[in-house]
Visitor: 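This is the structure, below, for whatever I ask next.
Along the sequence shown, the residues carry numbers beginning at 1.
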Amino acid sequence: MGAGRQALSTGGLHHVEVWVPDLAAAKRSWGWLLGEPGWTPYRDWPAGCSWRHGPTYLVVEEPPALTGRTHYRRAPGLNHLAFHAGPPHAVDRLVAAVGAP
């Protein structure tokens, strides 16, 4: 463990990394949405960026090793991430802002 880092309890989620085919689009869509429940920009580099909420962070990255350009949520792998977004009226506001059906 590096200097200045605190030991956290075992089993807590440290980070999630999502590989994306279009980093600029991911920054636009994830950035505002993560900001709503209090995630803050953490790090930024040419191939990716991250947001932090407490000790946990979320990375979106367009790495050179990416082998495909499309995601299919019914394929094996990560299906979705679910965040606590507050009471029902707060979730309804987010859904309206996204324009989801």
Visitor: Under the side-chain contact (heavy atoms from CB on, under 4.5 Å) rule, collect the residues that match up with Arg93, sequence neighbours excluded.
Guide: Glu36
Visitor: Under the side chain to side chain donor-acceptor pair (under 3.5 Å) definition, can you give me all pairs with a residue in residues 64-73, not counting sequence neighbours?
Guide: Glu62-Arg69, Arg73-Asn79
Visitor: Given side-chain contact (heavy atoms from CB on, under 4.5 Å), test Phe83 with Val91 step by step and report yes or no.
Guide: CA-CA 10 Å; Phe83 296 91; Val91 174; over 6 Å; no
Visitor: Do you know which two heavy atoms are closest between Ala85 and Ala90, and how far apart they sit?
Guide: O-CB, 3.4 Å
Visitor: Using 30° and 60° as the class limits, which term best fits the ring planes of Trp39 and His53: parallel, tilted or perpendicular?
Guide: tilted
Visitor: Test Tyr57 against Arg52 for side-chain hydrogen bond (donor to acceptor under 3.5 Å, both in side chains), laying out the working first.
Guide: CA-CA 4 Å; Tyr57 62 96; Arg52 186 175 204 140; over 6 Å; no
Visitor: As an exercise, state the distance from NE2 of His15 to CH2 of Trp51, rounded to the nearest 0.5 Å.
Guide: 14.0 Å
Visitor: Do Val16 and Leu81 have side chains that get closer than 4.5 Å, going by heavy atoms?
Guide: yes
Visitor: Is Leu66 reachable from Val60 through a run of I, L, V, M, F, W or Y residues, each pair having side-chain heavy atoms under 4.5 Å apart?
Guide: no
Visitor: So if you build clusters from Ile, Leu, Val, Met, Phe, Trp, Tyr with side-chain heavy-atom gaps below 4.5 Å, do Leu13 and Tyr42 land together?
Guide: no
Visitor: Do Leu94 and Trp32 have side chains that approach each other closer than 4.5 Å (heavy atoms only, starting at C-beta)?
Guide: yes
Visitor: So how far is it from Trp30 CH2 to Cys49 SG, rounded to the nearest 0.5 Å?
Guide: 10.5 Å
Visitor: Side-chain donor-acceptor pairs under 3.5 Å in residues 17-25, sequence neighbours left out?
Guide:
residue: Glu17; atom: OE2; partner: Trp19; partner atom: NE1; Å: 2.8
residue: Asp22; atom: OD1; partner: Ala24; partner atom: N; Å: 3.3
residue: Asp22; atom: OD1; partner: Ala25; partner atom: N; Å: 3.1

Visitor: Please tell me if the side chains of Thr40 and Leu34 come closer than 4.5 Å, counting only heavy atoms from C-beta onward.
Guide: no
